[in-house]
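We use all heavy atoms of the structure for the numbers below, so side chains are in, but hydrogens, waters and symmetry mates are not. Computed from a prediction, not measured in an experiment: that's the story for all the values here.
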Amino acid sequence: MDPKDKDWKQEQDRVGRVKEVITAKQEKFEGSTSNLKEDIIDLRKKFWDDVTVNIDEPDDVIETYASIKQQAELLSERERSHGQYFKSAKLLERMQSSPYFGRFDFAEEDSSTESFYIGIASLMDEKEEEFLVYDWRAPVSSLYYDYSPGPVQYQTPEDNIEGEMTLKRQYIIQNGVIQGMFNTGITIGDTLLQKVLGGQATSQMKSIVATIQKEQNSIIRNENSRLLIVQGVAGSGKTSVAMQRIAYLLYQHRKQITADQILLFSPNQMFSSYVASVLPELGEENMQQSTYYEYVQKRLDQEYTLESPFQQVEEALTSRRKDASHLFEEMVRFKSSIEFKQLLDEYIDSLAKEGFIFRNIKFRKKIKITAKEIYNYFYQLNDQMSIPNRLELVKEWILKKLKDIESEEIEKDWPEEAAALLDKDDYMSAYQKLEQKQNLHEETFNDSIQEEQFLRSLVVKRKLAPLRKQVKQFRFMNIRKMYKQLFDQNPASLKLPEHWAFFAEKTLENLAAYYLPVEDQTAYLYLTDRLEGKKMNTDIRYVFIDEAQDYSAFQYSYIKEMFPSAHFTLLGDVHQSIFNHNEEYSTVLAEGWHQGQAVKQELLRSYRSTEPIVEFTKMLLEDGKKIEAFNRDGECPQIYHSDSADAQLDMIEKVARHRLSQGFETVAILCQTIDECRAVHSYLKEDLHAGLIYKETQPFQTGLVILPVYLAKGIEFESVLVYNASSDIYYKNEDRLMLYTACTRAMHVLDVFYQNEPSPFIERVPENKYEKKTAVQL
């Protein structure tokens, strides 16, 4: 549309008027937040001045508590209001530059036409009577994403509204000035998408509310499915959709749920930092975020050395290059399966009748309750009771025994000796407690005898406290030995897999070294929870799992039990599986999850990469033809051949320099293993300032970075250089998926390097899909 058109001028005038309203509201907020801030500071300074403190009489204590509570609630209310004002002010600041991005004209049946402007948040006029901008998550805003002009309908909580859309218009507004404006008959016009997708990548993911597609919108607004499975090709916007879906749920159910009732399982901490800004940009608080490995660490880190998922990948890659036995991969697959969970269930059922292993209860290096005594007490209990209930009774029995032990120990000589070493505060505490007793009881007693008895009791209680804590945590059970027993004794009653002897040998070696590989961690936690009682979290209402294809069937079953009240959204791509348990996650989950309430949606269009890159990468897959490329032009992928390792590294350095000189702010060299990353990093000249990312805890960064493919999952770079895509590196089916993952990280340019012979997966790509080079031609 031409800026000289009458419509353009009218629309620009409206932007100006909306900006004036935003400015007025900002000034109002500024005054309100300033006053509130002063109130909060004043309240904090004078908190105790306005509190009546008197603890002489019981009634005075109650009055004091009420006074403190009232003052604390007043301060809390002021702080909440200040936080809300601050959040609203940040949104207004963002809307100053671009108040809205879309408009549609809509008329209900037998009603006049009304214009609806869509933005990142709602905005009322000065009198708070009419909407100048509608939040993109409002029910009526779904029309903008779902329909072309013509008959339309949308659902409100009360009714289904039908009518006619007569106009759909999209804007590019920067600094309050319309840069582009066009009418469109599709959801989001190519012009807007071209501009957004052709821009530079940053260290954090951006909101996509202005470019949400119809198929993405249906995922974002899905509220009925207990299990929503999103199978999306690389670059289809899965993660962006997840973040917008969270924002939508927080808006739609703002009276029922809060951000801390939503949990996102991320693939790694670098990814977590990458997506951290999306929700705050939309005026929402961030949800809880964790990796599955972090959850495991909290439970097992003090007891075992834990293998990380990425160490598992490294181990698989390096052992494969050494032609190690395939039995290792078979073991990982079995321990990641539902079959192993079922085997554990059978084993746990057998423990109800025999085989439970307990620890001796020791105090001051002496056994006070033997493991045999605990064993006998456990098995004399009714075996119809569940194991956790029986253990609860055992725990109470042991705690009662500890009371008897406490009474016996108080009368021994060592408490008196230990009491002589107590500090001044302990003596003062004893004196005050004795004084209180004297005030409460009329009978007289010998202070020195009572003081000695009190100090003896204090010493023994303190010594017994850690033991009591361990008992309450069920540490009298020996989980490690019971997990070991499963592999050590090979119970004849259990149906064992073919190579169980090998699995058992490796597991026993690891347990002896107090080392738990990834494939054992979920099983170990599951055994613990089945015995102690499940560690369920009923507060979490929505669970999101990104890179869902990298979770095993056993992990999914366990996660489902951890969050029994939650709705689940799983986002993944079977073509980007990097672990040994490459089961089709949607099949695994659809069977038996939420009694058929699972819904699967596909995203087949890739927006991240240029059309030439998508056309190249889809050919790496056996079933890649169904992937659709967005119409964004760019360079063909460049494939570089070299005859030696040094020649390949020399090419990589030259191409990396060239890509940086072109102005790309995120350039990544992707290798298969960490050793390869280190080799490339040590070769590059210092003036390139290349960052080496070798662990999942590092933050995402701009500039030139070198990292393994498995750490780059879920992240995009303007320029990608794939190191050593040779026939001896990328040759198995798992390698095909890793090569595809590496190449699909590229937004604008893709350079692939190999030595001697290329990967067979590259050789299958038609030659018109790339440019082959034997030297760097810049």
Side-chain angles (χ1 to χ4, degrees), residues 193-208 210-213 216 230 232-244 266-278 281 546-547 549-550 571-573 575-576 578 603 605-618 620 627-630 632 634-635 637 656 659-660 662-671 691 693 696 698-722 737-752:
L193 263 178
Q194 292 271 14
K195 185 172 180 66
V196 172
L197 299 172
Q200 289 182 320
T202 65
S203 62
Q204 292 192 308
M205 177 180 282
K206 295 174 285 191
S207 165
I208 63 162
T211 57
I212 292 169
Q213 303 294 291
Q216 295 170 334
V230 180
V233 300
S236 58
K238 297 182 295 295
T239 302
S240 297
V241 165
M243 302 309 291
Q244 314 308 318
S266 303
N268 55 60
Q269 291 177 344
M270 184 171 70
F271 177 91
S272 299
S273 71
Y274 180 60
V275 301
S277 65
V278 176
E281 277 188 7
D546 208 347
E547 300 297 338
Q549 75 283 346
D550 290 335
L571 309 108
D573 179 9
H575 299 127
Q576 296 183 64
I578 62 170
L603 297 173
R605 201 176 193 200
S606 179
Y607 298 98
R608 172 187 298 136
S609 307
T610 62
E611 187 171 9
I613 292 175
V614 174
E615 290 301 320
F616 171 81
T617 55
K618 67 193 277 188
L620 297 172
I627 297 173
E628 303 169 18
F630 175 69
R632 182 164 68 88
E635 294 181 21
R659 294 311 183 193
L660 289 168
Q662 288 179 296
F664 293 125
E665 293 193 2
T666 55
V667 179
I669 300 173
L670 301 181
C671 308
I693 297 176
E696 63 272 21
Q698 291 175 261
F700 184 79
Q701 60 193 72
T702 55
L704 176 62
V705 292
I706 306 164
L707 68 163
V709 177
Y710 52 79
L711 286 182
K713 290 168 67 67
I715 299 173
E716 58 190 25
F717 306 90
E718 292 168 79
S719 167
V720 166
L721 292 75
V722 179
L737 302 179
M738 191 168 283
L739 181 60
Y740 171 77
T741 301
C743 293
T744 54
R745 300 308 92 202
M747 294 172 62
H748 306 318
V749 290
L750 172 64
D751 299 291
V752 182

With a 4.5 Å heavy-atom cut-off, do [X] and [Y] have their side chains touching?
{"X": "Pro637", "Y": "Val752", "answer": "no"}
{"X": "Val230", "Y": "Val241", "answer": "no"}
{"X": "Gln244", "Y": "Gln216", "answer": "no"}
{"X": "Asp550", "Y": "Pro267", "answer": "no"}
{"X": "Ile693", "Y": "Ile706", "answer": "no"}
{"X": "Thr239", "Y": "Leu571", "answer": "no"}

I need the [X] [atom1] to [Y] [atom2] distance, nearest 0.5 Å.
{"X": "Arg605", "Y": "Ser236", "atom1": "CZ", "atom2": "OG", "result": "12.0 Å"}
{"X": "Gln576", "Y": "Lys238", "atom1": "CD", "atom2": "NZ", "result": "5.5 Å"}
{"X": "Ile669", "Y": "Leu721", "atom1": "CD1", "atom2": "CG", "result": "5.5 Å"}
{"X": "Leu670", "Y": "Thr741", "atom1": "CG", "atom2": "OG1", "result": "10.0 Å"}
{"X": "Thr744", "Y": "Ile627", "atom1": "OG1", "atom2": "CD1", "result": "8.5 Å"}
{"X": "Gln213", "Y": "Phe630", "atom1": "CD", "atom2": "CZ", "result": "7.5 Å"}

When Ser719 is tested against each of Val667, Thr666, Leu660 for side chain to side chain contact (heavy atoms under 4.5 Å, CB included), which residue passes? Val667

Would you name the heavy atoms of [X] and [Y] that are closest together and state the gap between them?
{"X": "Met738", "Y": "Val709", "answer": "O-CG1, 3.6 Å"}
{"X": "Ala668", "Y": "Leu707", "answer": "CB-CD2, 4.2 Å"}
{"X": "Ala234", "Y": "Arg745", "answer": "CB-NH2, 3.9 Å"}
{"X": "Cys743", "Y": "Val722", "answer": "SG-CG2, 4.1 Å"}

Classify the ring geometry between His575 and Tyr740 as parallel (under 30°), tilted (30 to 60°) or perpendicular (over 60°). perpendicular

Side-chain ([X]) to main-chain ([Y]) donor-acceptor, under 3.5 angstrom:
{"X": "Arg608", "Y": "Ile715", "answer": "no"}
{"X": "Glu718", "Y": "Met747", "answer": "no"}
{"X": "Ser609", "Y": "Val614", "answer": "no"}

Test side-chain contact (heavy atoms from CB on, under 4.5 Å) on Glu716 and His748; report intermediate values, then the result. CA-CA 10 Å; Glu716 58 190 25; His748 306 318; over 6 Å; no

